[in-house]
Amino acid sequence: MHASPERLGGCDVMSGLEHMLLVIGSISIVSAFQGDDRELQESDAALARLTRKHARNQFIMLNCPEYPDPVTGLMTPDPNCNVPWARIASGDAEVEAFQRDYQVEAGDIIAVYAGTTIDLRAVVFIVDFCGWRNPFRSAEEATKAMLRVPGAVEGNLQNYYETCSYGKITLQPNNVAVVGPIAIECNATYSNGVWTVPSNSRSSCGVAEQFSWIQQAEAKAKELFPNDAKLQAILRWPTRRVMVLVPKEAPCPWAGLAYMGSTGDQKSFVKTDPTKTVPVDVRVAYHELQHNMGLQHARRGYDEYGDETDPMGTSPATSQGVHCHNAPSNWRIGWATPVPNGDLTANSFTPSANRRTFVIPDSGRSDKNMVIVSPGSKNVLTRIQRDIITSDVIPYPKYFLSYRVRNTTWGGYDNGLRSTYDRKVLVHQYNGTVSTGFVTEQPNFITSGGADLMLDGPFVPYDSATGLGGGLRFKVISVGDTSATVEVCRMYSRTEGTPGSAECQANIDRDCDGLVGNNDPDCGAAARSPPTPPSPRSPPPPRISSPPPSPPPRRSPPMPRPSPRKRPPPSPRPGSKTTKATVRAPPPPSDEEAVTPYALENDVVPCRQHPLSVVIPALCAIMLQLYLSRTNLWTR
């Protein structure tokens, strides 16, 4: 779950809410998942149930921006801001409409790797309040979940960042301060020097309480450790990470919560649990910190957390092993890129060269570890340019292919990956960009598989004038210990052509079935022999007069008629297309979200037999049997 602040800029000659937003310049988009965190931590199945059961409580709050204090250097709200907090939108529909109207985006481009290692600064506060004690009773114990120190958990945050980012993000001990436990007030106020907001941590974990926890903790830390140069430097860092470890008894309906892409410090909150060996779930902590980095939840279909291959989804709870991101998330924040020549567009294919083969290394071996296929665009755009929609783009899903192998090394890449996805090629869809991402834009996990995997994308009629349209077929050729070989084929038509057509005579595989020319049943008219004409009938034999009829023999009851056999399916024609089943991805929905029923190719819809066609012959047989039995009785 996350909350997402974003700064707005613009002119100051506005009125009403527009004027307030553009002048004040900061809002918070808060998305909280409602559910019992104990149930969340018990099992991934429970998490999936809660995702379907509880709606997100999403709203937009008007805030004041934060700037460094000129005296202390600490980040504080703008003292000239005199606008009180206000809820200006509520519910998914209003929030998304607000984002579209005001071009408010979720995500902060400064968190994207652009060639220079990002050294994160972070302060972790262990807090007690309302008589509730945090299970961490020393900073040293909490540090074992954060850094690679003696006694650290396998999936400590330092391991997570350095391993999953391929060294692009570091979380060094000299840039991390763990402080506490600190006792803060249960009933307090959050103040920016002009106005104040009351908070009550015994009954709520709302925005007022969250800001109050941080403000109180930073003030106490400054008071308790005035000569700690490292702590003071981190508190002055404008884009520091601030994590608050909350007592289990706090009335928070989440296991963790974070602010996404904020303009100042990056806030996150994680509940602790004294019943666990490690009182903080590092998976949850990393999940929330990655919201700070700009990542959305990883979904599968309509399940917001349904992607089990990414810690932004239903990351496995069986261990504290390192579980890294899927391909779209890695690409989204600049941690990984496609293999050489593996960023494909419509211009990457021609009808005569519509098949491309790639060797994809497992994600833990190289940061060039995916194939991106964007047949809806003609050119590979830069990350920023991907935001621009031009006439050379049509609506079509963008696919990401990757290969994952479960690592058995302590703290290794994907050591925490589910065995279900070990040595599997994963297919995701993601139409977002590196620099933006609305709340509704999430990576979508489609399917996974080994050497038997074949997937068809939706088919859009090919436009020869623009070179756009068609379909895709993905096929896994082989998988191994370190890499997988995959084939990407662009379909220019659903069938090869018609017998004798120019398409059939061109001897190219336009429909990606692996057959060309007369070897393809679509074109093989010459290969089909004409039906054999019926042989002429012989003359009837001469009629022979029969002897006088003898008395009729005693008739036995007629045998019951056998039930009609179902006609067997036709045998495949010689040279017919492969019968290997493919997984068909659904076509992209229309603007009206209308669902139009359609039949797949070669589907046969049998005619239903009328019930009377079975009942009437059966009745006739019974009546005939009774008639004959009565006749025999009378002639005896």
Side-chain angles (χ1 to χ4, degrees), residues 328 338 341-358 370-382 385-401 427-433 441 444 446-447 454-475 486-498 501-517 520-523 577 582-603:
N341 302 313
D343 200 345
L344 306 178
T345 67
N347 284 349
S348 303
F349 305 90
T350 64
S352 59
N354 61 336
R355 202 177 296 269
R356 304 286 299 273
T357 302
F358 297 91
M370 67 185 76
V371 172
I372 303 177
V373 190
S374 308
S377 61
K378 297 175 67 173
N379 300 296
V380 175
L381 305 177
T382 65
Q385 289 172 334
R386 286 181 192 271
D387 297 339
I388 304 172
I389 303 300
T390 69
S391 58
D392 292 335
V393 176
I394 63 171
Y396 197 94
K398 181 163 58 182
Y399 288 92
F400 289 72
L401 310 181
V427 182
H428 287 82
Q429 287 181 358
Y430 179 60
N431 293 329
T433 65
E441 191 60 67
N444 184 20
I446 303 301
T447 190
M454 186 184 293
L455 173 71
D456 283 356
F459 188 88
V460 177
Y462 175 66
D463 185 346
S464 59
T466 63
L468 299 174
L472 292 173
R473 173 165 290 178
F474 305 109
K475 182 180 179 181
V486 300
E487 180 184 85
V488 181
C489 186
R490 182 182 179 192
M491 293 185 285
Y492 286 83
S493 62
R494 290 185 181 274
T495 61
E496 202 73 85
T498 56
S501 65
E503 290 82 4
C504 287
Q505 295 175 4
N507 285 327
I508 58 178
D509 186 16
R510 295 172 58 85
D511 57 358
C512 293
D513 64 354
L515 303 172
V516 298
D520 192 311
D522 300 328
C523 302
K577 301 181 182 182
T582 61
V583 181
R584 292 180 181 263
S590 64
D591 293 338
E592 295 82 7
E593 296 294 334
V595 178
T596 304
Y598 61 95
L600 301 179
E601 296 173 2
N602 301 326
D603 281 355

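Judged by distance alone, the side chain of Ser493 and the main-chain N or O of Thr495 form a donor-acceptor pair under 3.5 Å. Between the side chain of Thr350 and the backbone N or O of Ala353 there is at least one donor-acceptor pair closer than 3.5 Å. Remark: the backbone N or O of Glu496 is paired with a side-chain donor or acceptor of Asp511 at under 3.5 angstrom. Checking side-chain atoms of Arg473 against main-chain N and O of Cys512 turns up a donor-acceptor pair under 3.5 Å. In this structure, the side chain of Asn431 engages the main chain of Lys398 through a donor-acceptor pair within 3.5 Å. Listed for the Asp509 side chain is a donor-acceptor partner under 3.5 Å among the backbone atoms of Gly514.
Geometrically, Arg490 engages Tyr492 in a cation-pi contact defined by less than 6.0 Å to the ring centre and at most 45° from the axis.
Atoms CG and OH, from Asn444 and Tyr399 in turn, are 9.5 Å apart once rounded to the nearest 0.5 Å. The CG atom of Leu455 lies 9.0 Å from the CG atom of Leu472; values are rounded to the nearest 0.5 Å. One distance of note links OG1 of Thr447 with NE2 of His428; it measures 10.5 Å at 0.5 Å rounding. For the atom pair Asp522 CG and Glu503 CD, the distance stands at 11.0 Å (nearest 0.5 Å). Between atom CG of residue Asn341 and atom OG of residue Ser348 there is a gap of 8.5 Å, rounded to the nearest 0.5 Å. The CG atom of Asp343 lies 4.5 Å from the CD1 atom of Ile372; values are rounded to the nearest 0.5 Å.
Looking at every heavy atom in both residues, Gly467 comes nearest to Ala346 through O-CB, 3.7 Å. Nearest approach of Leu468 to Ser377, heavy atoms of both residues: CD2-C, 4.0 Å. Of all heavy-atom pairs between Pro375 and Pro397, the closest is CD-O, 4.0 Å. In terms of heavy-atom proximity, Tyr396 sits nearest to Gly471 at OH-CA, 3.7 Å. Minimum interatomic distance between Pro328 and Tyr430 (heavy atoms only, all atoms of both residues): CB-CB, 3.6 Å.
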Verdict with supporting geometry, Arg356 and Phe349, side chain to side chain contact (heavy atoms under 4.5 Å, CB included): CA-CA 8 Å; Arg356 304 286 299 273; Phe349 305 90; 3.6 Å; yes
Before you tell me yes or no, could you show the steps for Gln429 and Ile446 under side chain to side chain contact (heavy atoms under 4.5 Å, CB included), namely the whole-Å CA-CA distance, both residues' side-chain angles and the distance that decides it to 0.1 Å? CA-CA 7 Å; Gln429 287 181 358; Ile446 303 301; 3.7 Å; yes
Candidate pair Val486 and Thr357, rule side chain to side chain contact (heavy atoms under 4.5 Å, CB included), full reasoning: CA-CA 6 Å; Val486 300; Thr357 302; over 6 Å; no
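By the 4.0 Å N-to-carboxylate-O rule, Arg355 lies close enough to Glu487 to be salt-bridged with it.
At a threshold of 4.5 Å between non-hydrogen side-chain atoms, the residues Val373 and Phe474 count as touching. Side-chain atoms of Cys504 and Val516, non-hydrogen and from C-beta on, never get closer than 4.5 Å to each other. Between Ser352 and Ile508 the shortest side-chain heavy-atom distance falls below 4.5 Å.
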